[in-house]
Amino acid sequence: MHCWQCDPATGVDGLRWVEAPEPLPGPGEVSIAIGAASLNFPDLLVMAGKYQYRPSPPFTPGIEFTGTVSALGAGVQGVAVGDAVMTVGRTGGFATHACVAADSVKRVPDGIPPVTAAVLLVAYGTAHHALIDRGQLKAGETLLVLGAAGGVGTAAIQIAKATGARVIAAVSSDAKAALCRRIGADATINYATADLRAALRALAPRGADVIFDPVGDALTEAAFRSIAWRGRHLVIGFAGGPIPRLPLNLPLLKGASIVGVFWGEFDQREPEASGELIVGLARGHEAGWLRPVIDRILPMSELPTACALMAARAALGKIVMVNDPPGSDGPAALAVLHKN
Ligand SMILES: NC(=O)c1ccc[n+]([C@@H]2O[C@H](COP(=O)([O-])OP(=O)(O)OC[C@H]3O[C@@H](n4cnc5c(N)ncnc54)[C@H](OP(=O)(O)O)[C@@H]3O)[C@@H](O)[C@H]2O)c1
């Protein structure tokens, strides 16, 4: 097998593509032949030793991946060799094979193609848990999405439109704004060229009912100052770098809430609710509103290119890394995988 290893965990320059013995599943584990692994912003932080947890090098990065179960460890029940599964963990996805705890895998719902399965849990799981569960977004309300052309941002646009909300997508370029309009945003703001607060005042004089914030930094306070009465500001992440601080008089004055969102913990602590959420996402795919925005599909061996694109804010939607199924020719396999 091949795998990427962080050694040392200093970011892209510490990545090595190495050959290693295929791992055998221990008790309670399954072995997975990985078909596709998506790149999520936390991967960049894990690779650079800057995330909430810091695996000891050498380790294989990659938190989200999908593939086929190839072997079962002792005592595993409820999963069979050949099952299509998807999983989110701390490490392991940027490789051709991985061993993970059997209870961490979820069966890929029927009809979901591999590239969609590779982005379903983190991007759509987070956006759905944030908007519908934590944010209580309702039809007719106005949603502001910051960093709207990113992975969780594009998922948030699709989920909000399916809910019947009005979506204002805020991004850093005209190309990103055009993409957001193409996937359903009602209005866009380019915060690299326009003042966010002034633009929001013009588009939503009452303010946004819900703010989806995966960026942080200075955008957070600017957005929060424009929130509607009883608004909900969803704290998703800090792709912009610094973790912002808000004066507490602001939520008081607007009767507004600052709402934390942590999909991974939700999935662990509330497995039944998380399972229902995934069923809802599969229905969204069936109904046609859930269609992942895939910036590009790259061979697994090109992970550094993908990381560089994400770090430069150059990705529009998701980047997915794939392994060729045994015996297939590369480009044909990619085309099949991307039929979503
Ligand atoms: N809370 C949770 O459960 C949860 C789950 C998944 C992800 N997250 C967090 O959500 C955030 C977004 O994740 P993602 O996978 O969607 O990332 P992504 O695809 O890279 O999108 C992030 C967006 O943030 C904006 N951005 C602003 N400053 C940036 C910078 N210095 N570097 C990179 N991007 C910057 C970019 O949009 P513009 O160029 O338009 O500004 C970019 O499109 C991350 O902070 C991640 O940790 C949280």
Side-chain angles (χ1 to χ4, degrees), residues 41 126-128 130-261 293 313 316-317:
F41 195 83
T126 300
H128 198 284
L131 294 175
I132 308 303
D133 181 2
R134 304 290 290 134
Q136 296 291 305
L137 180 70
K138 301 283 183 302
E141 288 193 317
T142 296
L143 170 72
L144 168 67
V145 183
L146 303 175
V152 293
T154 47
I157 293 174
Q158 293 179 353
I159 290 164
K161 287 312 298 174
T163 306
R166 174 180 179 236
V167 175
I168 301 174
V171 289
S172 69
S173 76
D174 290 342
K176 289 184 174 185
L179 165 74
C180 294
R181 282 194 296 276
R182 270 203 308 282
I183 64 166
D186 300 283
T188 55
I189 298 170
N190 179 345
Y191 44 60
T193 54
D195 175 71
L196 180 65
R197 284 195 71 195
L200 269 173
R201 246 192 321 273
L203 288 169
R206 242 182 10 89
D209 299 293
V210 178
I211 296 171
F212 183 90
D213 182 0
V215 180
D217 201 7
L219 289 180
T220 296
E221 185 167 336
F224 195 87
R225 284 183 179 277
S226 310
I227 204 164
W229 175 249
R230 284 183 181 269
R232 289 85 77 199
H233 187 114
L234 303 173
V235 181
I236 310 294
F238 313 105
I243 296 178
R245 291 165 189 274
L246 274 185
L248 279 182
N249 63 317
L250 298 179
L252 181 156
L253 290 170
K254 297 291 183 79
S257 311
I258 300 166
V259 183
V261 175
V293 178
R313 299 162 75 167
L316 274 70

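Quantities reported herein were computed from a predicted structural model and do not represent experimental measurements. Values reported hereafter were calculated over all heavy atoms of this structure, with side chains retained and with hydrogens, waters and symmetry mates removed.
In terms of heavy atoms, Ala223 sits closest to Leu146 at CB-CD1, 4.3 Å.
The backbone N or O of Ser226 lies less than 3.5 Å from no partner atom in the side chain of Arg197, so there is not a single donor-acceptor pair. Checking side-chain atoms of Arg232 against main-chain N and O of Gln136 turns up a donor-acceptor pair under 3.5 Å. Put simply, the side chain of Lys176 never gets that close to the backbone of Ala170: no donor and acceptor are under 3.5 Å apart. Formation of a donor-acceptor pair under 3.5 Å by the Asn190 side chain with backbone atoms of Ala192 is found in this model.
No side-chain heavy atom of Ile157 sits less than 4.5 Å from a side-chain heavy atom of Val293. Proximity of Leu234 to Val210: side-chain heavy atoms (C-beta onward) are separated by under 4.5 Å at one or more points. Between Tyr191 and Val215 there is a side-chain heavy-atom pair separated by less than 4.5 Å. In this structure the side chain of Val152 reaches within 4.5 angstrom of the side chain of Phe212, judged on heavy atoms. No side-chain heavy atom of Lys138 sits less than 4.5 Å from a side-chain heavy atom of Asp209. You'll find the side chain of Leu131 stays beyond 4.5 Å of the side chain of Thr163, heavy atoms only.
Separating the CZ atom in Arg181 from the OG1 atom in Thr188 is a distance of 4.0 Å, to the nearest 0.5 Å. Rounding to the nearest 0.5 Å gives a distance of 6.0 Å between CZ of Arg166 and CG of Leu203.
Each of Ile258, Ile243, Ile211 was checked for a side-chain contact (heavy atoms from CB on, under 4.5 Å) with Val235, and the lone residue meeting it is Ile258.
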